[in-house]
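Notes for the one structure printed next.
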Amino acid sequence: QVQLVESGGGLVQPGGSLRLSCAASLSIFSIRVMGWYRQAPGKQRELVATITSGNNTNYVDSVKGRFTISRDNAKKTVYLQMNSLKPEDTAVYYCTQLVGGSPKYWGQGTQVTVSS
């Protein structure tokens with residue numbers, strides 16, 4: 001069974017930090033692009049960050065300098081370190097594996113709420 005399980009979300013004050021984790025059951029995790037999407041209420045789903053098998057990363061402009069995506073292939077886990085969080089970062093964050101530039105598998109999502 002293909003499974004992606006996100007964790008690490010929660011309520012944090014503006015300026016705070018969270019680290020999201022995504023544990024994968026995918027047998028080909030080590031050779032695929034992984035990414036994080038987020039979706040805020042009333043907003044379209046947004047691709048936040050991606051990381052290739054060679055650890056090349058890309059970020060949406062709004063999170064550059066604040067978020068860091070990383071992966072541990074031995075643990076089949078991808079992380080999203082989020083620093084200097086802002087209220088506009090509030091969303092459900094989803095882990096995904098991208099194939100051919102499109103998301104193929106999804107996790108259930110983890111809620112991130114940035115509020116004082």
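Position 1 is the first residue of the sequence, and the numbers go up from there. All values derive from a computational prediction rather than experimental measurement.
Taken from CD in Gln108 to CD in Gln3, the straight-line distance is 8.5 Å, to the nearest 0.5 Å. The structure places CG of Leu80 at 8.5 Å from OG of Ser70, a figure rounded to the nearest 0.5 Å. Residue Leu98 holds its CG atom at 5.0 Å from OG1 of Thr96, rounded to the nearest 0.5 Å. Distance check, rounded to the nearest 0.5 Å: CZ of Arg71 to OG of Ser53 gives 6.5 Å. To the nearest 0.5 Å, atom OH of residue Tyr105 and atom CD of residue Gln97 are 6.5 Å apart. Note that the CD1 atom of Ile31 and the OG1 atom of Thr52 stand 12.5 Å from one another [nearest 0.5 Å].
Checked by atom type and distance alone, the side chain of Thr77 pairs as donor or acceptor with a backbone atom of Lys75 at under 3.5 Å. Of the possible polar contacts, one joining the Glu6 side chain to the Gly109 backbone as a donor-acceptor pair under 3.5 Å is found.
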Verdict with reasoning, Ser62 to Glu88, per side chain to side chain contact (heavy atoms under 4.5 Å, CB included)
CA-CA 10 Å; Ser62 61; Glu88 52 262 44; over 6 Å; no

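Residues Thr50 and Trp36 fail the side-chain proximity criterion, which asks for heavy atoms closer than 4.5 Å. Between Leu26 and Lys76, every side-chain heavy-atom pair lies at or beyond the 4.5 Å cut-off. Between Tyr94 and Arg45 there is no side-chain heavy-atom pair separated by less than 4.5 Å. Contact annotation: the side chain of Arg38 never approaches that of Leu47 to less than 4.5 Å [non-hydrogen atoms, C-beta and beyond]. At least one side-chain heavy atom of Tyr59 sits under 4.5 Å from a side-chain heavy atom of Ile69. Contact of the Val112 side chain with the Thr90 side chain is not registered, since no non-hydrogen atoms from C-beta on lie closer than 4.5 Å.
A tilted orientation is assigned to the rings of Trp106 and Tyr37, their planes being inclined by 30° to 60°.
When all heavy atoms of Ala40 and Ala91 are compared, the pair lying nearest together is N-CB, 3.8 Å. Across all non-hydrogen atoms, the minimal contact from Cys95 to Met34 is SG-CE, 3.9 Å.
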Atom pairs and distances, donor-acceptor, side-chain atoms in residues 10-24, under 3.5 Å, two or more places apart:
unit_1 : atom_1 : unit_2 : atom_2 : d
Ser17  : OG     : Asn83  : OD1    : 2.9

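One hydrophobic cluster, built from ILVMFWY side chains closer than 4.5 Å, holds both Ile51 and Met82. There is a path of hydrophobic side-chain contacts, each under 4.5 Å, that joins Val78 to Val48. Taken together through direct or relayed side-chain contacts under 4.5 Å among Ile, Leu, Val, Met, Phe, Trp and Tyr, Val60 and Tyr93 form part of one hydrophobic cluster.
The pair Lys64-Asp61 meets the salt-bridge criterion, with a side-chain N (NZ, NE, NH1 or NH2) lying under 4.0 Å from an Asp/Glu carboxylate O.
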